[in-house]
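Side-chain atoms are counted along with the backbone in the values below, which use heavy atoms only and exclude waters and symmetry mates.
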Amino acid sequence: MSAAEGPLVVGVDSSTQSTKALVVDVATGRVVASGQAPHTVSSGAGRESDPRQWWDALCEALRQCGEAAHEAAAVSVGGQQHGLVTLDDRGEPVRPALLWNDVRSAPQARRLTEELGGAKFWAERTGSVPAASFTVTKWAWLAEHEPEAVRATRAVRLPHDYLTERLTGQGTTDRGDVSGTGWWASGAEAYDEEILARVGLDPALLPRVVRPGEVAGTVRDSHDLPFSKGTLVAPGTGDNAAAALGLGVRPGTPVMSLGTSGTVYAVSRHRPTDPSGTVAGFADARGDWLPLACTLNCTLAVDRVATLLGLDREAVEPGTAVTLLPFLDGERTPNLPNASGLLHGLRHDTTAGQLLQAAYDGAVHSLLGALDLVLDEDADPTAPLLLIGGGARGTAWQDTVRRLSGRPVQVPEAKELVALGAAAQAAGLLTGEDPAAVARRWDTAAGPVLDSVERDEETLARIAGVLSDAAPLLERPTDTH
């Protein structure tokens with residue numbers, strides 16, 4: 001390993017399934033060491049994890065990084081959003097954390113929306129309409145189903161808060177992650193006392209919201225991590241805000257993430273308030289905003305169609321007039337929670353490859369519809385669409401996004417964007433730079449730019465027409481038994 005040119009920082013990505021750590025050279029952005037360790041998620045009705053597993057995984061990931069981690073001058077933690085961590089008077093978990101994808105609080109989300117001013121109230125107050133993923137609904141569920149756990153709780157944290165507090169001994173969070181709780185007023189940038197009172201949560205149990213660029217604390221002495229005592233700890237943030245930092249995106253640049261679910265977002269200077277609930281009005285980690293929309297059916301749904309057809313996922317064929325809406329898990333954007341997949345326009349001469357292409361078209365149509373809602377008047381309609389996530393390197397995904405968006409597409413070569421964003425945040429503490437500017441200096445978004453092609457208006461119109469005509473059918477609950 002060649003010597004680093006500048007100081008070293010550590011960026012952490014504590015996701016649902018694992019924790020990754022990167023040691024990065026501040027001067028060049030070069031990753032000099034990395035480590036990764038898994039954690040487990042419960043199955044069944046809920047999705048829960050023991051927060052102590054995240055800590056153990058962080059320790060193991062840093063151990064794999066070796067001496068480079070010990071030399072780091074600053075560290076920052078990016079983590080999965082929305083999770084509810086309840087701690088007792090000793091700082092130990094009262095119960096396993098309720099994760100973002102635990103949807104048992106859907107009834108509480110509906111009730112909170114109705115009881116406290118409706119969707120417009122919530123959008124204007126917090127930037128988002130409560131959904132089962134949001135932390136406020138999970139606290140309401142816990143109070144209703146496990147009141148003894150609520151009585152034992154002396155601190156409420158998000159996943160990244162928990163790890164940062166284990167490092168510093170101080171209860172802190174940041175505006176990016178706290179904006180996904182549902183109890184932070186985005187206009188005032190403060191905890192919302194009316195909402196907290198409605199769900200019976202004492203604001204004294206919540207962490208201090210650290211400002212962008214502020215030091216959250218320093219690594220304390222009584223711990224088992226390979227950091228020097230006094231190492232600076234950045235505020236950290238939620239995973240989407242960290243990925244935006246990792247790309248160094250400027251306001252108005254569109255980002256599309258192709259994973260099990262699909263996500264689209266852009267940094268904006270305008271505070272989002274969408275009463276439809278489609279756009280989550282998150283804050284970013286810098287002082288701007290991160291309007292974000294999500295679809296439930298993306299790479300996993302298309303891969304399932306390929307498997308059913310006995311095809312490789314790249315074995316698409318052009319020329320189809322078939323419409324396939326791959327809503328295998330219901331859908332969030334458009335809001336059709338009871339939907340199932342729908343196939344229309346099948347003919348004798350339709351090929352399996354054309355059916356597979358129709359699945360790609362249906363998934364990308366939903367994502368582009370969400371993107372239209374995310375982008376504001378400052379967005380550049382000709383800017384390349386940054387394509388990230390597991391599907392971004394797939395030729396069929398790239399070609400479909402280009403054809404249906406009419407935009408050039410850029411595929412960043414950098415991986416682990418959440419950890420890189422956290423590392424850029426840590427680097428900003430040392431250099432005084434905007435973390436997004438650090439990432440741009442590191443050239444993290446570098447990658448091939450695929451030229452735009454003429455937008456396929458015919459396919460877009462056909463899918464939109466089928467979606468509109470089939471709405472009553474798609475809204476009907478499906479008997480799965």
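The CG atom of L296 lies 5.0 Å from the CD atom of E331; values are rounded to the nearest 0.5 Å. Summarising the geometry, atom OG1 belonging to T153 is positioned 7.5 Å from atom CG belonging to L84; distances are rounded to the nearest 0.5 Å. The CZ atom of F121 sits 10.5 Å away from atom CG of L112, with the distance rounded to the nearest 0.5 Å. Between the CG atom in D274 and the OG atom in S128 there is a gap of 9.0 Å [rounded to 0.5 Å]. Atom CH2 in W54 sits 9.0 Å away from atom OG1 in T16 (nearest 0.5 Å). Distance check, rounded to the nearest 0.5 Å: OG1 of T137 to CH2 of W141 gives 11.0 Å.
Side-chain contact between W183 and P203: absent, with no pair of heavy atoms (C-beta onward) separated by less than 4.5 Å. Contact check for V438 versus R441: side-chain heavy atoms found under the 4.5 Å cut-off. A heavy-atom distance below 4.5 Å is found between the side chains of R95 and L142. At a threshold of 4.5 Å between non-hydrogen side-chain atoms, the residues L8 and D25 count as touching. Within the 4.5 Å cutoff, no side-chain heavy atoms of N335 are placed close to those of T278. With a 4.5 Å cut-off on side-chain heavy atoms, T299 and R313 do not count as touching. The shortest distance between side-chain heavy atoms of E475 and L336 falls below 4.5 Å. Using a 4.5 Å cut-off on side-chain heavy atoms (C-beta onward), V264 and L292 make no contact.
Ionic pairing of E48 and R104 is present here: one or more N-O contacts between side-chain nitrogen and carboxylate oxygen are shorter than 4.0 angstrom. With salt bridges taken as basic N to acidic carboxylate O contacts below 4.0 Å, none links R211 and D174. Salt bridge status for R111 with E114: absent, with no side-chain N to carboxylate O gap under 4.0 Å. One finds a salt bridge joining R125 and D192 here, because a Lys/Arg side-chain nitrogen approaches an Asp/Glu carboxylate oxygen to under 4.0 Å.
Few gaps surround CZ on R440; more than 12 heavy atoms of other groups in view lie less than 6.0 Å from it. Annotation for R250: atom CZ does not count as buried by contact number, only 12 or fewer foreign heavy atoms lying within 6.0 Å. Within a 6.0 Å sphere centred on CD of E193, heavy atoms belonging to other residues, nucleotides or ligands number 12 at most.
In this structure, the side chain of W397 does not engage the main chain of L258 through any donor-acceptor pair within 3.5 Å. A donor-acceptor pair under 3.5 Å links the side-chain atoms of N297 to the main chain of L328, judged by distance alone. Checking side-chain atoms of S15 against main-chain N and O of S18 turns up a donor-acceptor pair under 3.5 Å. Formation of a donor-acceptor pair under 3.5 Å by the R52 side chain with backbone atoms of E92 is not found in this model. Between the side chain of R157 and the backbone N or O of Y162, no donor-acceptor pair lies under 3.5 Å. Q64 places a side-chain N or O within donor-acceptor distance of the main-chain N or O of Q36, the cut-off being under 3.5 Å. The backbone N or O of A132 lies less than 3.5 Å from a partner atom in the side chain of S105, making a donor-acceptor pair. Side-chain N or O atoms of K138 include one that pairs as donor or acceptor with a backbone N or O of L99 at under 3.5 Å. Judged purely by atom type and a 3.5 angstrom limit, H160 has no side-chain atom pairing as donor or acceptor with the backbone of S14. Under a 3.5 Å cut-off, the side chain of S179 and the backbone N or O of A283 do form a donor-acceptor pair.
P326 and A359 make their closest contact through CG-O, 3.7 Å (heavy atoms, listed as atom of the first residue, atom of the second, distance). Residues A445 and L247 share a closest heavy-atom pair of CB-O, 3.8 Å. Counting all heavy atoms, side chain and backbone alike, A242 lies closest to A422 at CB-N, 4.5 Å. E60 approaches R63 most closely through the heavy-atom pair OE2-NH2, 2.8 Å.
No side-chain donor from either of T263 and S257 sits under 3.5 Å from a side-chain acceptor of the other.
A cation-pi arrangement, defined by a distance under 6.0 Å to the six-membered ring centre and an angle within 45 degrees of its axis, is absent between R30 and W442.
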Worked check of side-chain contact (heavy atoms from CB on, under 4.5 Å) between L201 and V136: CA-CA 9 Å; L201 178 53; V136 68; over 6 Å; no
Step-by-step side-chain contact (heavy atoms from CB on, under 4.5 Å) determination, Q81 to W100: CA-CA 6 Å; Q81 290 184 261; W100 65 273; 5.7 Å; no
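Checked against T173 for a side-chain hydrogen bond (donor to acceptor under 3.5 Å, both in side chains), the options T181, T164, T237, D161 give a single hit: D161.
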